[in-house]
Amino acid sequence: MVVVGAGQAGLSAAHHLRRAGADFVVLDADDAPGGAWQHRWDSLRLDRANGIADLPGLPLTGDPQERASVAMARYFGEYEAHFDLPVRRPVAVRRVTRTEDGFALDTTAGRWTARGLVNATGTWTRPFWPAYPGRETFRGRQLHAAQYPGAAAFAGQHVLVVGGGISALQLLLEIAEVTRTTWVTRRPPVWRDGDFDPDAGRAAVALVDQRVRAGLPPGSVVSVTGLPVTPDVVRARERGLLDPLPAPSRLTPTGVAWDDPPRTLDVDVVLWATGFRAALDHLAPLHLRAPGGGIAVEGTRVVAEPRLHLTGYGPSASTIGANRAGRTAVRELLATLAA
Ligand code: FAD
């Protein structure tokens, strides 16, 4: 059995495979433990994340003020060692094809075969850049949140932050401390006063689950739970920093423009905090795409290929979802292979 990816979803699957006494290996493209967390911006602290679930069987400890990139990399490394998980890295899987009794994986470190696959490759390597007319004409700097270098890099520049999710909000608040910002969102942001409502969370997950069952592209679980009104948000609102403009019609060489009513705005930097897509290019040779553009998945099982499970995908794209998905995938995959 092969698990592709050693983030939360891959490690959870590995944990359950180990417990079941299965013969398996985890292939991970990164140089070091930590999944996508190790690449996240320095200002993302554990206590500013959106609630991080422990991996199964070993709690995450440490200073809540610590950088998430450092703390999570250390935690994942300890986890792999504690459960003696067979993680091979750096091994990037380039192409997965079918064989008579399973799959062949062409990787940067040779070919592997597997009777069953758990794919847990996350989204970090596929930042999403929306198509905007004129994007290539803009003469300033454009970058995606995945490349965020810290607010100080923008001192003295006018920064346009694009996106209505939590990452956009957090980056906007930071950058507004050092320089001028403008926020644009496709829809008015949904604010959440008070604690996170578990019912709303479950409803959001159920919605994404419905989409992937129907073979549609998943959409984000974490983004539909509302933007928390923290003390920082209250202060920024009082300073008038959180009144987003609607999405512009296009980019211009010096900024952005709206058609209705006509208006332009000059900016130096466009920061696309516009999310990510599932990193599944290596599965393309399996031809799994449904007419709706996504991969039809029930729970974690790919409907068209029951020996392949997607974890950390769609409804399980959160730390808690990834934990559960690892358990479900292993239970079902072992049953499928035994039958
Ligand atoms: P990842 O952590 O991305 O791990 C994927 C692994 O697969 C990586 O190690 C990568 O090297 C490897 N890989 C990728 N492609 C290949 C390949 N072709 N071959 C081999 N290996 C490959 N969720 C929460 O629950 N709470 C939060 O506070 C939270 N904050 C977030 C903040 C940000 C900025 C973002 C972007 C997401 C956040 N999430 C949060 C979502 C959460 O991080 C993930 O859904 C969760 O960690 C599951 O990760 P994963 O294992 O699916 O993917």
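Atoms within each ligand, like the ligands themselves, are counted from 1 in listed order.
A cation-pi arrangement is present between Arg237 and Trp191 under the rule of less than 6.0 angstrom and at most 45 degrees off the ring axis.
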Next on the checklist: As a quick check of understanding, evaluate ring-ring contact (aromatic ring centres under 6.0 Å, His included) for Phe128 and His144, giving each step before the final call.
Outcome noted: CA-CA 8 Å; Phe128 175 64; His144 191 274; 8.3 Å; no
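Heavy-atom separations between Thr125 and ligand 1 are all 4.0 Å or longer.
Proximity of Val91 to ligand 1, defined as any heavy-atom pair under 4.0 Å, is confined to the backbone N, CA, C and O atoms. Contacts with ligand 1 closer than 4.0 Å are made by no heavy atom of Tyr313, backbone or side chain. Contacts between Ala6 and ligand 1, counted as non-hydrogen atom pairs separated by less than 4.0 Å, involve the backbone only. Residue contacts with ligand 1 for Ile166 are absent, since no atom lies close enough (heavy atoms, distance under 4.0 Å). With a 4.0 Å heavy-atom cut-off, ligand 1 is reached by the side chain of Trp41 but not by its N, CA, C or O.
Checking only distances, Ala9 does come within under 3.5 Å of ligand 1, N or O to N or O. Of the N or O atoms in Ala29, one or more lie within a sub-3.5 Å distance of an N or O in ligand 1. Of the N or O atoms in Gln8, one or more lie within a sub-3.5 Å distance of an N or O in ligand 1. Backbone and side-chain nitrogen or oxygen atoms of Phe276 are examined, and none is located within less than 3.5 angstrom of a nitrogen or oxygen of ligand 1. Where the criterion is an N or O separation shorter than 3.5 Å, residue side chain and backbone included, Val93 meets it with respect to ligand 1. Checked against a 3.5 angstrom limit, the closest N/O atoms of Ser167 and ligand 1 fall outside it. Below 3.5 Å of separation, one finds no N or O of Ser316 facing any N or O of ligand 1. At least one N or O atom of Thr319 sits closer than 3.5 Å to an N or O atom of ligand 1. At least one N or O atom of Gly51 sits closer than 3.5 Å to an N or O atom of ligand 1. At under 3.5 Å, not a single nitrogen or oxygen of Thr311, backbone or side chain, sits near a nitrogen or oxygen of ligand 1.
Near Val4, meaning under 4.0 Å from one of its heavy atoms, ligand 1 places the atoms 19 (N), 20 (C). Residue Ala92 approaches ligand 1 through these ligand atoms, each under 4.0 Å from one of its heavy atoms: 19 (N), 20 (C). Using a 4.0 Å cut-off to heavy atoms of Leu27, the atoms of ligand 1 that qualify are 20 (C), 21 (N). Residue-ligand proximity, Asp30 to ligand 1, at heavy-atom distances under 4.0 Å covers atoms 8 (C), 9 (O), 10 (C), 11 (O). Each of the following atoms of ligand 1 lies closer than 4.0 Å to a heavy atom of Ala120: 5 (C), 6 (C), 7 (O). Ligand 1 places these atoms under 4.0 Å from at least one heavy atom of Gly5: 6 (C), 7 (O), 12 (C). Applying the 4.0 Å criterion to heavy atoms of Ala317 picks out, from ligand 1, the atoms 45 (O).
Between Arg239 and Glu177 there is a salt bridge, since at least one side-chain N of the basic residue sits less than 4.0 Å from a carboxylate O of the acidic one. Of the charged side-chain nitrogens involved, none lies within less than 4.0 Å of a carboxylate oxygen, so that Arg235 and Glu238 do not count as a salt-bridged pair. A salt bridge links Glu80 with Arg89; the closest basic N to acidic carboxylate O contact falls under 4.0 Å.
Which of Gly34, Gly312, Ala279, Gly321 comes nearest to atom 52 (O) of ligand 1 through a heavy atom is settled by distance: it is Gly312. Across His39, Arg89, Arg40, heavy-atom proximity to atom 43 (O) of ligand 1 is greatest for Arg40.
Atom CH2 of Trp183 sits about 10.5 Å away from atom CG of Leu241, to the nearest 0.5 Å.
A heavy-atom distance below 4.5 Å is found between the side chains of Arg135 and Gln142. Proximity of Pro244 to Pro189: side-chain heavy atoms (C-beta onward) are separated by under 4.5 Å at one or more points.
When the side chains of ILVMFWY residues are joined at heavy-atom separations under 4.5 Å, either directly or via intervening members, Leu55 and Val3 end up in a single hydrophobic cluster.
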Name the atoms and distances for all side-chain donor-acceptor pairs under 3.5 Å in residues 279-296, with sequence neighbours left out.
unit_1: His282; atom_1: NE2; unit_2: Asn119; atom_2: OD1; d: 2.7
unit_1: Arg289; atom_1: NH1; unit_2: Gly293; atom_2: O; d: 3.2

For residues 101-108, dump all side-chain donor-acceptor pairs below 3.5 Å to protein atoms at least two apart in sequence or in another chain.
unit_1: Asp106; atom_1: OD1; unit_2: Arg111; atom_2: NE; d: 3.0
unit_1: Asp106; atom_1: OD2; unit_2: Arg111; atom_2: NH2; d: 3.4
unit_1: Thr107; atom_1: OG1; unit_2: Ala109; atom_2: N; d: 2.8
unit_1: Thr107; atom_1: OG1; unit_2: Gly110; atom_2: N; d: 3.2
unit_1: Thr107; atom_1: OG1; unit_2: Gly110; atom_2: O; d: 2.6
unit_1: Thr108; atom_1: OG1; unit_2: Ala92; atom_2: N; d: 2.9

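Aromatic ring orientation, Trp124 versus Trp41: tilted (interplanar angle from 30° to 60°).
Between Tyr148 and Trp272, the ring centre distance reaches or exceeds 6.0 Å.
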